[in-house]
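Throughout, residue positions are numbered sequentially from 1 according to the sequence presented. Both counts, for ligands and for their atoms, begin at 1 and track the order of listing. Keep in mind it's a predicted model, so treat the numbers as computed, not measured.
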Amino acid sequence: MPTIRAPAKKQTTTLTVAVKCRPLSQRECGRDIVRVKNNKEVVVLDPDLSKDYLDRIQNRTKEKKYCFDHAFGPQSTNLVRPFFLESLYLEAFIFIMFLTVEPKFFLPSFCSQMEHYFSQEAVPSKGKLKQKFLLAVTATPHCVLVLFLRLKDTYQKCISTIISGVVQGLNATVFAYGSTGSGKTYTMVGTQHDPGLMVLSLHTIFDLIRRDKSSDEFEVTCSYLEVYNEVIYDLLEKSSGSLELREDPEHGIVVAGLRCIKVHSADKILELLNLGNSRRKTESTEANATSSSCIHPTRSHAVLEITVRRKQRNKYKNQVMRGKLALVDLAGSERASETNSTGQKLRDGANINRSLLALANCINALGKQQKKGLVYVPYRNSKLTRILKDGLSGNSQTVMVATISPADSQYHHTVNTLKYADRAKEIKTHIQKNIGTIDTHVSDYQRMIDSLQIEVCRLKKELADKESQLSVKPTETTADDELSCLNVLSQEISENVQERINLQKALFELEETNLRNRTELQHLDDAIAKQLVSEKDGTVSEALRVRRQDILDNIRDNDEAGINYRKEIEENEKHRCQLQGMIEEAIGNNGNKTYLRILSQYRLLGMANTELQFEMAMREQIIHNQREAQRNLWNLIMGLGLEEKQIFDFAAKQGITIEDWTVTRYPGLSNRGKSPNLASGGYAPFSYGLSINQCRRSSCICQNHQRVASKSFSQDRWDLSPTFCREKHHSFYYLLAHDNSPPCVRFRRSSDNWVSGGHPISWFGTPDKLPRDLRKSYPEITPVSSCNEIYLPTPALGADFGQGQKDIMWQNLYSKAPHGAISSSSQDMVKGPIVGHGRTVNGFLGFIPSEQSFSTHSLNHSVQNSNPSNHPSLSCSHTFTNQSFKT
Ligand SMILES: Nc1ncnc2c1ncn2[C@@H]1O[C@H](COP(=O)(O)OP(=O)(O)OP(=O)(O)O)[C@@H](O)[C@H]1O
């Protein structure tokens, strides 16, 4: 029996930002300009002491003040404070001494004693006692409060809560950001006497595992990598080559080939950590030689990743929770121009700054996003931001530790760091337990990759055999030359493919962002129109207008970025054609054609493998959407106010088992009518998935709330049904209307068509857009066969969005092709069974006929073509159509 599980609850949280100011070092002979107040406020004084009183009171100073979740002054250490160093401990000490010398206060009859002292004149030393009593009364809450705050102040407290989450299957990221020599490594790695966050968190993890009372099985693994010059190296390997980033549907961004070591104690990881640290790239720069206390600044970004797998032994036996803790020590954020570096050093600086600039841009965009709507976040601009993507906006509880120096010479760096930290406060992440599930089509892809890899191995072997045969031939040198030329070409072509994949993914994300922006714009327009109608004087709320303008700006910015990406893809394509031509020529001119052909085939297979991985990444997005849809379905079920029993009965009738029911109580949706979308007739902010079914086939989330017309054969009129949901999910396609006619239309996927059986026959499209004369000529749709086949006119859907589909061939909509027909463009009619379709881009529905074979050339076409159904993401998958879309 198929099973469904209630989705894990998602919790939105903001980034925790802590600032740590290191002590002034002996090498720095400047002034201390940083003040930390109340463990939260950071004041940076104006470094210019010559400013007169007037300047200061008129606020013409460069003094800056920021407030954060935590702020640590120069005296703070990574774990505990030295005793008696701080006034708190002194206060506490005095108080304890006071209590010890006055044992009467410990008596149980404390209150009555006090009454006695103050009511009876007989007590000779009343004045002294009263004084002591008042001191005790005022000191107690003060000490307790300050003690509490100070205890919270330690780093252990600051991050231990998120670390306990890692053992429960949550993700967490901690990264230190700051200029060179500001104390990032000290904070993250620490010293023997003052261990850093990496060490402390490891101890916490193992402590938690040791203290765990359940019978669950734990497995801790760790990896340590560095990003240097935009190249990823494994710090746990002695001489690691460069590693590639890959997007895994289940685990997010992963580094292919990175060593992951199983560890059983914190000490073992510390050993590895020390080993890895000794391999990090360090350099001495001008900036540091003069201005900082750091002699060998690190030039790379280091990421320690600790994964805790928890195999449950209770009733959810097959569940595996997987928590991930990423601890990141970034390189210094100073600008390359400030380091007076040249040559290799300048290149390092530029690359470090490229990563940090990309990180800063992501922080800026994410910060802006919280205030202004959806902004494209350029994660793809550097390896670092791709690695940190989850930590910045995805499923992770994240702590940013901004490190600063108190020296006046570092004023600009300090203020810059604090500015970014301040923006980062706005960033929101969504945490959710990583509970292991197995997705069938993901494993299908994995199987395909595996078989491709086997094929690659076979060819490799064949190649080696050929090579050994060739090595005895006299024409060795010429062959070698040609080979090395071919190698260079192949290398270039694989880089070219990688670049194109990155560009397409970026474009895809960008369009997703803008799609959501457009949906919000539509909602805003509706809201503004409603307000205009209801308010007679025609005044529209300023907030709505401002928001609308912001979204329009974002759309424009994103569109511009999209145009650039498209241009880059075109360039990339041209380059690829040139390279391919050169390879062909090289093969043609060569005597050892068979060998070269194998070599070329081997390279191409490697590329196919890469493209397949890209395809997997796209699928991941679709899976993500499906999960989102499933979550919304749960919301919807909860919103219907049905009894638990009713839902279980219904599910049982459909042959579905519901697992883990308890976690699905979503706030605000517990009662019928509470859902704003259902009750008010407004549009739902997201697509609501409405299918639970056993078969997992192709999938697609469609644009929500598009007006759809349906025509019932019993009545002779069109019913305009503005849907609040329109979604095809797995092998069904659902439509719900706000009103009651028809309340729900469901399309089932038959062996080769979409069938609407038992429900009114419906036509998808927008009749108001249907030209009048055509309406006359095609007054109704005739079912093609007895099983009520229907056609989904994709151009008509596109037309609803005004996406350049003016000349729609309406006759296509009524074609009576024997196997069902869906046009993949406005002009062509493609015959053949529909095996699935891709995804909506700008509200456009794209279908892929299974029997149509696409060449890589279609990619080129799709990039230039304004038809959104030919989106590059779809085209890329065309290469694999026959395997990947047939289910
Ligand atoms: N909280 C602190 N207490 C005492 N010393 C500190 C503290 N923070 C940093 N330092 C000292 O300041 C110097 C610079 O620190 P660190 O190497 O951690 O800087 P960094 O920001 O990691 O530099 P880079 O960007 O080059 O990696 C070191 O000598 C370190 O011992």
Check your understanding: Are any non-hydrogen side-chain atoms of Arg310 and Val167 less than 4.5 angstrom apart?
Key ->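 Yes. Closest side-chain heavy atoms under 4.5 Å.
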Review point. Is it true that Lys419 and Asp422 have a side-chain N and a carboxylate O under 4.0 angstrom from each other?
Key: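 No salt bridge links Lys419 with Asp422.
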Review point. Does Thr180 reach ligand 1, in the sense of a heavy atom lying below 4.0 Å from it?
Key: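 Distance cut 4.0 Å: Thr180 passes for ligand 1.
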Point to revise | Contact with ligand 1 for Ser182, non-hydrogen, under 4.0 angstrom | key: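 Heavy atoms of Ser182 do come under 4.0 Å of ligand 1.
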Practice item. Check whether any side-chain N or O of Arg279 sits under 3.5 Å from a backbone N or O of Glu237 as a donor-acceptor pair, and report yes or no. Key: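 Yes; judged by distance alone, with no hydrogens or angles, the pair exists.
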Ligand-side contact atoms (ligand 1) for residue partner [X], heavy atom cut-off under 4.0 Å:
{"X": "Ser179", "answer": "21 (O)"}
{"X": "Pro23", "answer": "1 (N), 2 (C), 3 (N), 4 (C), 7 (C)"}
{"X": "Lys20", "answer": "1 (N)"}

I'd like to check whether [X] has a polar contact with ligand 1, where a contact means an N/O of the residue lying under 3.5 Å from an N/O of the ligand.
{"X": "Thr187", "result": "no"}
{"X": "Asp329", "result": "no"}
{"X": "Gly181", "result": "yes"}

**Study point:** Donor-acceptor pair between Ser300 and Glu226 side chains, under 3.5 angstrom
**Key:**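 Side-chain D/A pair, Ser300 to Glu226: present.
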Check your understanding: Side chains of Tyr224 and Asn277: is there a donor and an acceptor less than 3.5 Å apart?
Key ->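 Yes, a side-chain donor-acceptor pair sits under 3.5 Å.
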Practice item. Indicate the ring-plane relationship of Tyr177 and Tyr420, choosing parallel, tilted or perpendicular according to the 30° and 60° boundaries. Key: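 Geometry flag for Tyr420 against Tyr177: perpendicular rings.
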